[in-house]
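Here the structure comes first, spelled out in structure tokens, and everything after it is commentary.
Heads up: numbering here begins at 1 and tracks the sequence.
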Amino acid sequence: MPIRRLSEGTVNRIAAGEVVERPAAAIKELVENAMDAGATRIVIAAAAGGAELLLVEDDGIGMSADDLRLAIERHATSKLPVANGEDDLSHILTMGFRGEALPSIGAVARLTLISRMTGGEAAEIKVDGGRLEGPRPAAFLASGQHGTRAEVRELFYATPARLKFLKSARSEDLAIVDIVKRLAMARPDIGFYLTLDGRKALDLEAEPDLMDGRLPRLARIMGRDFGDNAVRVEAGREGVTLSGYAGLPTYNRANAAMQFLFVNGRPVRDKLLVGAVRGAYADFLARDRHPALALFLDCDPSFVDVNVHPAKTEVRFRDAGLVRGLIVGALKQSLNAAGHRASTTVAGAALSSLQSAASFHRQAPSPSFVAAGFHDAPAMFESAPSVRMEVPLPSETPDMPLGVARAQLHETYVVAQTADGIVIVDQHAAHERLVYERMKKALANGGVTRQPLLIPEVVDLDPSEVTRVSARADELAELGLVIEEFGPDAVVVREVPAMLGKLDVKGLIRDLADEIAETGNALSLKERLEEVSGTLACHMSVRAGRRLNAEEMNALLREMETTPHSGQCNHGRPTYVELKLADIEKLFGRR
């Protein structure tokens with residue numbers, strides 16, 4: 001078959017397969033256009049999962065009739081800057097820039113655009129499966145109103161095969177909600193209003209200030225609990241700034257659905273950024289738990305390439321190592337500043353359990369329980385082998401954050417009295433974290449003790465991997481791993497970190513080579529050392545089942561108050577639960 005040029009309609013339908021693969025993608029493109037147009041209010045609607053109707057209306061600067069004609073032409077855009085007489089793809093400041101979305105949508109659906117510029121006349125243009133009508137004069141929603149209304153009907157009617165790949169209307173609705181939420185997080189100064197089949201799905205009024213309005217907007221989208229349990233993140237390095245909010249480790253999730261990452265205001269799903277977040281929380285969460293956060297990375301446009309994928313959800317950084325280091329360092333610093341704080345949801349879950357239990361006992365009271373629980377309480381506590389009552393030390397008062405130890409239950413839990421409630425501490429989990437933090441500090445201050453290998457290990461690598469690993473030899477030596485080049489396609493390992501004990505040296509070196517190739521950093525070894533530190537801390541800490549006297553219990557509380565991250569163990573579980581007196585009184589009907 002001879003080579004031939006494809007028709008414009010075929011080219012547009014092919015492009016639509018990349019840019020508009022589902023209704024949510026069309027919404028994304030249309031809303032981004034509205035944001036680029038300076039909108040302060042964006043109204044969005046969808047019907048039948050977006051297959052029947054998609055509507056986006058904004059109060060942006062609008063377009064003239066001539067602009068409308070150009071807007072539906074492929075690769076026509078007002079957003080790409082020009083430098084030295086050429087289009088400049090290295091300084092992209094807008095959400096869109098490809099000029100593909102509107103012609104792609106028009107090629108596979110029935111697209112209507114109505115727009116008016118300030119002081120101008122409203123104009124309308126239609127693209128029906130690639131066939132153009134207009135532009136022509138049109139009526140806008142309100143007299144004198146400026147902005148644009150984009151209406152998409154029967155999405156993919158011109159490409160029936162694509163319709164078969166759409167999911168259920170419910171699934172498509174969820175995807176639309178997700179993309180609108182992500183865009184709304186980036187711009188709290190814009191009002192976003194979404195209806196699905198006539199039902200209100202999002203109603204987000206514009207916040208008065210872009211930065212101060214960020215946490216209220218995030219709390220509206222991610223939930224009030226996130227607002228109550230998030231710490232502020234703020235850092236900068238070499239012209240790259242990071243801001244946002246990160247959830248406390250004890251406020252974690254079973255998946256990464258509550259992680260939102262933005263680069264220059266653009267929602268992205270980037271492996272480098274996700275990996276950096278995982279690395280920052282590796283100290284605090286089990287591998288099957290994930291933090292909740294929203295991070296905003298801002299940098300010079302020339303530092304990042306957003307022209308990587310048609311959907312613009314992937315980016316490439318000029319210095320990936322700098323970005324990863326900034327994210328990891330900023331998150332750890334913010335979590336350090338949280339001190340021993342644990343999430344409020346821990347207490348909420350405890351109170352919920354107590355309320356359920358109290359409700360059960362109210363429905364089915366036990367005479368023996370009432371007698372023992374209330375009339376003979378002192379005798380019961382004195383005689384119970386698993387409960388040890390302690391008198392607080394004379395110099396201590398309940399005014400301290402974690403209070404004063406009053407008792408040890410089941411030789412595992414320390415009960416303390418605070419000024420306005422009680423604290424219950426898991427002694428093993430708390431001490432495990434304290435020992436772990438001591439070990440990390442010693443590791444940072446004194447370096448890692450090395451252990452020479454009796455027989456140096458030769459590891460075969462690709463020549464490019466040898467170059468990358470050898471370039472990091474000094475950094476690896478600080479971590480206790482001493483390597484040297486051994487010809488063009490191998491390295492020799494002479495010393496390893498003593499605390500790692502027996503390990504697969506070849507596997508470690510190959511993992512390091514892969515990670516350095518991907519991120520420019522050698523974090524696998526650090527993470528392995530921290531994992532071993534956690535294991536050692538577990539064995540070195542106060543075990544459950546050990547009796548503690550008053551001095552030991554109060555010393556544990558005081559050290560927790562001054563140790564970062566002591567509110568959770570090394571796996572993200574809480575080390576203590578705090579119950580306020582007011583909440584306890586509600587349990588017993590005293591309020």
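In the displayed structure, Arg289 atom CZ is contacted under 6.0 Å by more than 12 heavy atoms of other residues, nucleotides or ligands. In Glu151, the CD atom is crowded: over 12 heavy atoms of neighbouring residues, nucleotides or ligands sit closer than 6.0 Å.
Neither side chain, Asn229 nor Tyr245, offers a donor N or O lying under 3.5 Å from an acceptor on the other. No side-chain donor from either of Thr112 and Arg153 sits under 3.5 Å from a side-chain acceptor of the other. Side-chain N/O atoms of His565 and Asn336 include a donor and acceptor closer than 3.5 Å. Using modelled atom types and a 3.5 Å distance limit, the side chains of Asp300 and Ser302 yield a donor-acceptor pair.
By the 4.5 Å heavy-atom criterion applied to side chains, Val315 and Phe317 are counted as neighbours. Taking the side chain as every heavy atom from C-beta outward, Ile176 and Leu54 approach each other to under 4.5 Å. Residues Val56 and Ile42 have side chains in contact (heavy-atom distance under 4.5 Å, counting atoms from C-beta outward). In this structure the side chain of Val108 reaches within 4.5 angstrom of the side chain of Leu155, judged on heavy atoms. A heavy-atom distance below 4.5 Å is found between the side chains of Arg237 and Leu322. Leu261 places none of its side-chain heavy atoms less than 4.5 Å from the side chain of Leu297. Using a 4.5 Å heavy-atom threshold, the side chains of Tyr193 and Glu205 count as touching. Between Leu113 and Leu102, the closest side-chain pair of non-hydrogen atoms falls below 4.5 Å.
The distance from the CZ atom of Arg22 to the CD1 atom of Ile179 is 10.0 Å, given to the nearest 0.5 Å. To the nearest 0.5 Å, atoms CD1 (Ile125) and CE (Met63) are separated by 9.0 Å. Rounding to the nearest 0.5 angstrom, the gap separating the CG atom in Asp225 from the OH atom in Tyr251 is 5.0 Å.
A salt bridge between Glu172 and Lys167 is absent, with no side-chain N of the basic residue lying under 4.0 Å from a carboxylate O of the acidic one.
Under the 6.0 Å distance and 45° angle rule, Arg110 counts as a cation-pi partner of Tyr157.
Contact record, Gln145 with Arg116: O-NH1, 2.8 Å, taken as the closest heavy-atom pair. In terms of heavy-atom proximity, Gly227 sits nearest to Ala219 at CA-CB, 4.2 Å. Scanning both residues, Arg182 and Phe262, for their nearest heavy atoms gives O-CE2, 3.0 Å. When all heavy atoms of Ile114 and Ala138 are compared, the closest pair comes out as CG2-CB, 4.2 Å. What you find for Val277 and Leu293 is that their closest heavy atoms are CG1-CD2, 3.5 Å. Closest approach of Arg69 to Glu73, counting heavy atoms only: O-CG, 3.6 Å.
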message: Would Thr118 and Ile61 count as a side-chain contact (heavy atoms from CB on, under 4.5 Å) here? Give the steps.
response: CA-CA 7 Å; Thr118 303; Ile61 59 174; over 6 Å; no
message: The test is salt bridge (Lys or Arg N to Asp or Glu O under 4.0 Å); show your working for Arg170 and Asp173 and say whether it passes.
response: CA-CA 5 Å; Arg170 171 66 175 164; Asp173 281 345; 6.0 Å; no
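A donor-acceptor pair under 3.5 Å links the side-chain atoms of Asn252 to the main chain of Pro249, judged by distance alone. Not one N or O on the side chain of Thr250 forms a donor-acceptor pair closer than 3.5 Å with the backbone of Arg573. Judged purely by atom type and a 3.5 angstrom limit, Ser334 uses its side chain to pair as donor or acceptor with the backbone of Arg232.
Applying the side chain to side chain donor-acceptor pair (under 3.5 Å) criterion to Arg131, with sequence neighbours excluded, gives no partner residue.
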